[in-house]
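In what follows, a structure is listed as structure tokens, so that the remarks can point back to it.
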Amino acid sequence: MKRPIKVLVAKPGLDGHDRGAKVVANALRDAGMEVIYTGLHQTPEMIVEAAVQEDTDVIALSVLSGAHMTLFERVRLLMDGQGLGDVPLIGGGIIPEADVVKLKENGVSEIFGPGTDTRDIIKYIRTLFKTDGSQEKAG
Amino acid sequence: MPSDYFERFDAGEVLAASRLMSVVERGGDEAEAVLNALFPRVGRAYRIGVTGLTGCGKSTLVNALTQCYRRRDLTVGVVAEDPTSPFSGGAVLGDRVRMLDAGGDEGVFIRSIASRGSEIGFSERATELSDVLDAFGRDVIFLETIGVGQLEHKIRFSAHTTVVVLTPDAGDEIQGLKAGLMEIGDVFVVNKSDRPNASRFADELRSILELRTSGTWLAPVVATVATEDTGTDELIDAVERHRAHLGEEGRMENKRAASLRNRVVAIAEEKLKELVWQNGRIQESLQAACELVVAGERSPYEAAREILKALRAELGSGGAGAAETSSEKDSK
């Protein structure tokens with residue numbers, strides 16, 4: 001029996017604007033996914049700890065504060081070090097194009113900028129797993 | 001499933017426990033194999049069920065209780081339920097947001113689950129996930145469920161102590177509360193008790209509970225304001241008093257026996273249903289019976305009896321029409 005795709009939506013750091021993250025969380029729910037929403041002010045350590053406990057399929061970070069390079073790198077490092085090397089890391093927020101390129105060269109699978117249609121995010125996540133919206137893990 | 005998951009689980013690795021929980025969540029033969037392997041180690045943890053309507057403050061209370069137990073140097077597991085959207089099949093599982101005090105603390109393991117619409121299935125899955133946490137070595141496990149009616153009575157079989165959380169919302173009368181909710185609580189909490197009519201609500205609740213005649217335990221009513229951590233010490237005391245009560249006169253053993261029996265029955269019933277409905281002869285009989293009912297030649301009751309006749313014939317003939325189960329296929 002398959003289970004729905006489980007996505008962790010987190011806001012690391014000091015950034016206090018969560019409307020975007022909530023919009024994405026609700027859109028993913030409406031697309032049949034299960035979203036672990038961790039709330040604001042999460043440290044990278046807390047985010048990865050949550051992903052490990054919940055065995056999430058994807059981690060999505062929302063960063064509007066400008067600290068994206070440090071935060072994404074730290075989360076990716078922790079994921080790799082704690083057995084989540086196969087788990088995709090995606091994100092959104094205010095991130096300049098040049099940084100998007102760098103992030104994607106360093107273990108971030110995709111970045112969705114402001115104004116992204118949530119349907120594109122849903123489509124993307126589904127292509128990472130089976131296209132019927134559920135996910136069968138191999139392990 | 002990687003063969004070293006059990007080794008890593010034994011070594012205390014959280015990811016291994018988490019992955020085993022996912023195997024259990026998916027159900028089927030693999031889930032059973034994991035639960036069978038872990039069963040000998042299940043039974044040490046103290047399980048506290050916390051139920052109440054959405055918005056009553058369950059998660060905030062569980063957070064406060066978790067911190068109390070952590071201060072006593074006990075490890076905690078939490079299985080927290082949120083409702084699955086009946087429209088999309090998805091869910092936002094937000095209980096972790098209320099448990100931020102647990103962030104970065106290895107002594108707290110939180111697992112969120114979606115109700116997934118299945119009424120019978122839910123409580124069983126939550127119990128199974130708490131079995132994994134129990135086998136993993138957690139001292140106290142919270143099972144946090146949304147109290148939506150039919151599920152409530154099932155939690156009393158999954159938890160040692162059931163805490164029912166209510167709020168004194170304006171206009172609510174005690175009489176409006178579902179009878180079932182009143183029966184299953186071992187400890188009642190009036191949260192958001194800083195609201196007007198909170199103490200009258202609590203008093204009414206106490207009078208009703210005094211009239212409850214089953215059992216030897218008088219369920220206390222504790223007033224809390226979870227967001228201010230008020231009343232949580234009294235709540236823990238109430239839970240611990242119930243735990244001590246269970247420790248007397250073999251009540252704990254009786255409860256365990258009843259709980260295990262209930263689980264065996266529930267699992268067997270699921271398997272029996274599957275066995276019956278997947279049988280080819282029964283399917284034929286069902287089809288024929290339904291046609292007769294639709295044509296007005298049989299009542300639904302007569303039709304059901306005919307299906308039962310077909311079942312007895314099947315059992316007599318050794319199940320010639322049975323569908324093969326996957327485990328039977330494997331053993332061939």
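Sequence lines set the chain letters: A, B, ... in the order given, protein chains first and strands last, and positions in each chain run from 1.
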Just wondering, are more than 12 heavy atoms of other shown residues or ligands nearer than 6.0 Å to [atom1] in [X]?
X       : atom1 : value
A:Leu14 : CG    : no
B:Arg98 : CZ    : no
A:Asp86 : CG    : no

Closest non-hydrogen atom pair, [X] against [Y]:
X        : Y       : answer
B:Glu106 : A:Glu49 : N-OE2, 4.4 Å
A:Gly83  : B:Arg19 : O-NH2, 4.1 Å
B:Gly89  : A:Pro4  : O-CG, 4.3 Å

Spacing of [X] atom [atom1] and [Y] atom [atom2] [to the nearest 0.5 Å]:
X        : Y        : atom1 : atom2 : value
B:Ser112 : A:Glu54  : OG    : CD    : 3.5 Å
A:Thr38  : B:Ile110 : OG1   : CD1   : 11.0 Å
A:Lys6   : B:Glu25  : NZ    : CD    : 5.0 Å
A:Met46  : B:Leu100 : CE    : CG    : 5.5 Å
B:Ser88  : A:Asp30  : OG    : CG    : 5.5 Å

* Structure fact -> Looking only at A:Leu40, A:Leu84, A:Ile36, the option with the highest number of non-hydrogen pairs under 4.5 Å against chain B is A:Ile36
Heavy-atom proximity to chain A below 4.5 Å, by part of [X]:
X        : result
B:Val78  : neither
B:Phe87  : neither
B:Asp105 : backbone

* **Contacts of A:Lys102 that satisfy side chain to side chain donor-acceptor pair (under 3.5 Å) - sequence neighbours left out** => none
* Structure fact -> Among residues 6-18 of chain B, those lying within the under-4.5 Å heavy-atom range of chain A are B:Val14, B:Leu15, B:Ser18
Could you check if a side-chain atom of [X] sits within less than 4.5 angstrom of a side-chain atom of [Y], using non-hydrogen atoms only?
X       : Y       : result
B:Ser22 : A:Arg3  : yes
B:Val92 : A:Asn26 : yes
A:Asp55 : B:Met21 : no
B:Leu93 : A:Tyr37 : no

* **A:Gln82, part contacting chain B, at a heavy-atom distance under 4.5 Å** => backbone
* Under 4.5 Å from any heavy atom of chain B - which part of A:Glu45 -> neither
* Under 3.5 Å: donor-acceptor pair, side chain of A:Gln53, backbone of B:Arg111 -> no
